[in-house]
Participant: 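Mind having a look at this structure? Questions to follow.
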Amino acid sequence: MYPHERSLVKQLADKPFALIGVNSDSDLEEIRETVKEKKLTWRSFQNKGGDEPISDKWKIQGWPTVFILDAEGKIRFKGHGAADKVIEECLAELGHEVVIQDAESEDPPNDEADEADSE
Amino acid sequence: MYRVGAMLLAASLLIGCSKDSAEKSAKTLPTKGENQAVEKVVEKKEQEESELTSEEIAAAASSAFVKLQADSRKSEAEFMQKVQSAPREQQMELFQSGGERKQFAAKFLEWAKKYPDSADEFTAIQFASEKGDETVADEAIKLINSKFINDDRLLGLLNRYGMGAPPEQKNEDFLQNLIDNSTNPAVKGSAIYSLAKMLQTVSEAKGMMADQPEMKKMLPQASVEFIGKDFGDLNPKLEAMFTDIVDNFGDVKLGNKVLGELAGDELFVFKYLSVGKVAPEIDGVDLDDKPFKLSDYRGKVVMLDFWGDW
């Protein structure tokens with residue numbers, strides 16, 4: 001999971017694209033460690049907050065669940081599978097032609113943290 | 001990630017068949033009195049069956065049922081033990097083989113036909129309908145359709161379909177018959193909810209199957225065929241079904257919730273969280289407790305990822 005996300009963020013660094021997480025872990029300290037260790041550069045909401053968890057309001061039934069929102073905030077994809085094609089489509093509408101490469105075909109970025117994820 | 005999704009779906013499809021309702025309604029062992037009644041029955045049988053009093057027949061029926069149930073439970077426990085001790089990669093296949101459930105289903109049906117209108121008739125028929133081979137299950141469903149479509153005990157079966165019945169033609173037919181013909185609002189509402197959840201599974205499974213043809217091997221053939229059918233655009237149908245539930249069957253219980261709440265959640269998803277709708281705002285804090293909003297990213301393509309590091 002992380003290699004794919006990291007690779008997306010890297011490939012789309014100069015495009016109008018943002019990966020935003022909603023993190024459901026209960027131990028905040030632990031997840032801060034993970035973020036540091038695994039070099040997860042994107043921002044995440046804490047799921048618990050306000051009057052109800054975000055995942056309850058969004059009726060999330062399984063993890064991970066991914067939504068792709070276009071530039072107008074419209075939901076373009078919702079599911080558990082790969083959404084790369086939809087991301088490409090949304091970027092194309094903004095005039096950015098991109099072909100997203102699979103994470104697997106990318107060289108893993110440098111350290112042992114990655115080997116830990118691929119298990 | 002795909003594989004996980006497929007496994008989850010396959011697992012959810014199996015839920016319908018993995019819990020033994022007949023075994024849940026545990027009965028005590030036959031009492032001495034019942035045993036004596038059986039002996040008496042056996043003795044009398046050699047003379048003439050018509051001489052049995054209705055009490056004696058009831059006692060014989062009950063005692064035969066208790067024995068059948070105990071045998072079935074024992075066999076199931078041994079089977080599950082075998083599944084659990086099998087190598088991980090064989091567990092799924094072994095589990096799907098179902099042990100001796102089919103044989104017991106046939107016995108339960110036979111019992112139900114031999115002692116019609118007994119106290120445990122419904123339980124036996126239900127077991128046969130869920131665990132039997134095609135012939136047994138079909139016959140059991142016919143019995144339910146002819147005798148029990150208004151019976152509150154159907155709710156137990158429908159409750160277990162809370163995640164949606166396994167998507168198969170015969171399950172759709174069964175639920176549709178209850179929707180069309182049951183006069184019990186609890187049964188009717190639960191059947192609509194169950195059918196809607198089943199069609200939702202179909203809708204999701206269609207997409208997954210297109211992405212991962214190997215998923216077909218994990219599902220029963222009847223499900224593969226059913227999911228492959230042309231249902232047209234399912235979303236308006238589903239929205240209408242959930243609206244019907246909220247409007248007319250809101251108070252019906254399912255587990256510790258009511259159908260109105262469950263169907264209301266589904267409608268919320270249709271209105272605000274489906275493809276094509278503008279996503280709701282998220283106003284929260286990041287992992288360093290700094291506030292930010294989803295709408296801060298308007299103008300960009302956003303991948304919103306509900307994740308956890310488990």
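Chain naming here is simple, since letters A, B, ... match the order of the sequence lines and numbering starts at 1 in each. Small disclaimer: the values here were computed from a predicted structure and weren't measured.
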Participant: Relative to chain B, which of A:Leu28, A:Val86, A:Leu91, A:Ile60 shows the most heavy atom pairs under 4.5 Å?
Facilitator: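 Looking at each of A:Leu28, A:Val86, A:Leu91, A:Ile60 in turn, A:Ile60 comes out on top.
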Participant: Pick whichever of A:Gly79, A:Ala18, A:Gly21 has the most heavy-atom pairs under 4.5 Å with chain B.
Facilitator: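 The candidate making the most pairs under 4.5 Å is A:Ala18.
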Participant: Would you mind checking which part of A:Lys15 comes under 4.5 Å of any heavy atom in chain B, side chain (CB onward), backbone (N, CA, C, O), both or neither?
Facilitator: neither
Participant: Looking at A:Arg32 and B:Asp289, is there a salt bridge between them, counting it only when a charged N and a carboxylate O are closer than 4.0 Å?
Facilitator: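 Yes.
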Participant: I'd like to verify something: which residue of A:Leu8, A:Asp70, A:Ile31 has the highest number of heavy-atom pairs under 4.5 Å with chain B?
Facilitator: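 Max contact count across the listed options: A:Ile31.
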Participant: Below 4.5 Å, heavy-atom pairs only: which of A:Lys78, A:Lys59, A:Arg43 has the largest tally toward chain B?
Facilitator: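 Between A:Lys78, A:Lys59, A:Arg43, the count favours A:Arg43.
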Participant: Heavy-atom distances under 4.5 Å only: say whether A:Leu94 touches chain B with side chain, backbone, both or neither.
Facilitator: side chain
Participant: Rounded at 0.5 Å granularity, tell me how far CG in B:Leu273 sits from CZ in A:Phe67.
Facilitator: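 Between atom CG of B:Leu273 and atom CZ of A:Phe67 there are 5.5 Å.
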Participant: Looking at A:Ile75, A:Thr34, A:Ile87, which one has more heavy-atom pairs under 4.5 Å with chain B than the rest?
Facilitator: A:Ile75
Participant: Might you point out which heavy atoms bring A:Cys90 and B:Val301 nearest each other, and give the distance in Å?
Facilitator: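 Closest approach of A:Cys90 to B:Val301, heavy atoms only: CB-CG2, 3.6 Å.
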Participant: Considering all heavy atoms of both residues, which atom of B:Pro280 and which atom of A:Trp58 are nearest to each other, and what is their separation?
Facilitator: O-CZ2, 3.3 Å
Participant: With only heavy atoms counted, which part of A:Phe77 is less than 4.5 Å from chain B, the side chain, the backbone, both or neither?
Facilitator: backbone
Participant: Measure A:Gln61 against the heavy atoms of chain B and call it side chain, backbone, both or neither at under 4.5 Å.
Facilitator: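 Just its side chain gets close to chain B.
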Participant: Only one of A:Leu19, A:Val22, A:Thr65 forms a side chain to side chain contact (heavy atoms under 4.5 Å, CB included) with B:Leu304, so which one is it?
Facilitator: A:Val22
Participant: Angle class for the A:Tyr2/B:Trp307 ring planes (parallel below 30°, perpendicular above 60°, tilted otherwise)?
Facilitator: perpendicular
Participant: So what's closer than 4.5 Å to chain A heavy atoms on B:Ser295: side chain, backbone, both or neither?
Facilitator: neither
Participant: Looking at A:Gln46 and B:Asp286, would you say the former's side chain and the latter's main chain have a donor-acceptor pair under 3.5 Å?
Facilitator: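 At least one qualifying donor-acceptor pair exists.
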Participant: Where is the tightest heavy-atom contact between B:Gly299 and A:Pro16, given as atom of each residue plus distance?
Facilitator: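 Closest pair (atom of B:Gly299, atom of A:Pro16, distance): O-CB, 4.2 Å.
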